[in-house]
Trainee: 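Have a look at this one.
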Number of protein chains: 2
Amino acid sequence: MAESTQHVGNPWEGVAIAAVPDRLLAGDLVDEIEFLAARARSLGSAHANAMLAPLDLKVRSYSVLAVVCGGSEPSQRELADFLRLDPSQIVSLVDTLEQRGLVSRAADSRDRRSKVIRATAAGMELYQRAAAAVRTAENTSLAALDGPERDQLRVLLRKIAFG
Amino acid sequence: MAESTQHVGNPWEGVAIAAVPDRLLAGDLVDEIEFLAARARSLGSAHANAMLAPLDLKVRSYSVLAVVCGGSEPSQRELADFLRLDPSQIVSLVDTLEQRGLVSRAADSRDRRSKVIRATAAGMELYQRAAAAVRTAENTSLAALDGPERDQLRVLLRKIAFG
DNA sequence: CCATATAGTTGAGATTGTCAATGATAATTT
DNA sequence: AAATTATCATTGACAATCTCAACTATATGG
């Protein structure tokens, strides 16, 4: 405990991460990239969710907002494929974002089955703050890696996440 | 399509992976390591689950079996911390593995609250086959990476997954 | 025109995540 | 030693997520 009593309360400080005895690190699982990715992602999203909570977002809703704020005007189907979620989940995610006035559904002139999702001004504004929060969270999650290592990791993950 | 009509049916061939339009790859999300890890893991576990299905396992139950088969004789609490699952989830996972005769609960002589989980012979045997299936799945998931790249990725992920 | 496929939506059922409470035991304090 | 506090496995409740099967409206190909 620091001497200061002031309680700034960085949200990610509340994230509990249990230590793992060396004995368990001897198994084969720690050589499996998928397992490592799953654990890394679990730790990462715990931090990110904690940082996003004050903004009433989770990594889930944040990721939708992030794509939409990219300006690519995606359809819901495209959001589903990109985020690897079921189309029905996109419906409810866009529903709540739309109710909050962060996002809008517009008719697609070329395909009237499809809807174009766009960010509103409020959506863009909230996204800016959310992105900053996520960057902070990522920074703590990746504390063990220096800059070049993070770049390497990004490149490698991008290769397997997309063709 | 090959000329042969024989239908070997590698399970992972049934995994549908939708292509993503370049337009969406312009956003900021593809620079976020956590997002990339989430997508990579989603693709990976789809493949792995498909390969494990014939063995009546999922990545979930497989990961428990894998740790137990590492011979470290973990307690359920240790399994929970290692796999980042709630202790109550470990209870039901161990329950079904135990009912299938793959794993056993034994009293811990040094702490009678705790239980030591061990693999049975049948458990070890199934694990061997499951591990092979997972290796095959990982091989398809990581097709975009060569050997050295996979090693790099493993090292980087291990750094953030564990201290 | 007809058949087939696709986008968004709704709803159901299974799986997973989260959390609180409990009984047994351990560890710590008084 | 007794009392308090903490930890482990377990149970149960509830929310969130996943998965799938319909359905309507529209598009596309023959």
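Lettering follows sequence order; numbering is per chain, from 1.
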Trainee: More 5' along DNA chain D: A/R110 or B/V94, using each one's nearest nucleotide?
Mentor: B/V94
Trainee: Counting any heavy atom closer than 4.0 Å, what does A/R105 reach on the DNA or RNA strands: base, sugar-phosphate only, or nothing?
Mentor: sugar-phosphate
Trainee: Whole angstrom is fine here: how far is it from CD1 in B/I90 over to C1' in C/dT18?
Mentor: 14 Å
Trainee: At less than 4.0 Å, is any side-chain N or O atom of A/S114 found next to OP1 or OP2 of D/dT26? Yes or no.
Mentor: no
Trainee: Within the structure shown, what part of the strands sits under 4.0 Å from B/S88 by heavy-atom distance: base, sugar-phosphate, or nothing?
Mentor: base
Trainee: Nearest to the B/D86 side chain among C/dA5, C/dT18, D/dA9, which nucleotide is it?
Mentor: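 The closest nucleotide is C/dT18.
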Trainee: What I want to check is whether the side chains of A/S104 and A/R118 have a donor and an acceptor closer together than 3.5 Å.
Mentor: no
Trainee: Return the value, rounded to whole Å, for the distance between atom CG of A/D95 and atom P of C/dG8.
Mentor: 12 Å
Trainee: Rounded to whole angstrom units, what separation is found between the CD atom of A/Q89 and the P atom of C/dA7?
Mentor: 17 Å
Trainee: State plainly whether the residues B/D81 and B/R77 are in salt-bridge range, i.e. N to O under 4.0 Å.
Mentor: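 So B/D81 pairs with B/R77 through a salt bridge.
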Trainee: Please report the distance, rounded to the nearest Å, between CZ in B/R77 and P in C/dT25.
Mentor: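 Between P of C/dT25 and CZ of B/R77: 18 Å.
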Trainee: Round to the nearest Å and state the distance from A/R84 atom CZ to D/dT17 atom P.
Mentor: 17 Å
Trainee: Between D/dA27, C/dT25, C/dA7, spot the one nearest the side chain of B/R112, thanks.
Mentor: C/dT25
Trainee: Are A/Y62 and B/F35 an aromatic pair by the rule of ring centers under 6.0 Å?
Mentor: no
Trainee: Ignoring hydrogens and geometry beyond distance, is a side-chain donor-acceptor pair present between A/H47 and A/T140 at under 3.5 Å?
Mentor: no
Trainee: Between A/D111 and A/L85, which residue's closest nucleotide on DNA chain D lies nearer the 5′ terminus?
Mentor: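 Nearest nucleotide further toward 5': that of A/L85.
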Trainee: What nucleotide among C/dT15, D/dA27, D/dA16 has an atom nearest to a side-chain atom of A/K58?
Mentor: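 Closest nucleotide to the A/K58 side chain: D/dA16.
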Trainee: Rounded to whole Å, please give me the gap between CD in B/E73 and C1' in D/dC8.
Mentor: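 Distance, rounded to whole Å: 18 Å.
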Trainee: How long is the line joining CG of A/N49 and C1' of D/dA15, in whole Å?
Mentor: 14 Å
Trainee: Any side-chain N or O of A/R113 below 4.0 angstrom from OP1/OP2 of C/dG8?
Mentor: no
Trainee: Roughly how far, to the nearest 0.5 Å, is CZ of A/R135 from CG of A/L142?
Mentor: 13.5 Å
Trainee: Tell me which nucleotide among C/dA7, C/dC19, D/dT10 gets nearest to the side chain of B/K115.
Mentor: D/dT10
Trainee: Let me spell it out: for each of A/V116 and B/S109, pick the nucleotide of DNA chain C with the closest heavy atom. Which residue's pick is nearer the 5' end?
Mentor: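 Its nucleotide being nearer the 5' end, the pick is A/V116.
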Trainee: From the set C/dG8, C/dT25, D/dA9, return the single nucleotide nearest to any side-chain atom of A/V91.
Mentor: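 Per side-chain heavy atoms of A/V91, the pick is C/dG8.
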Trainee: C/dT9, D/dA27, D/dT10: which one has an atom nearest the side-chain heavy atoms of A/Q76?
Mentor: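 Selected nucleotide: C/dT9.
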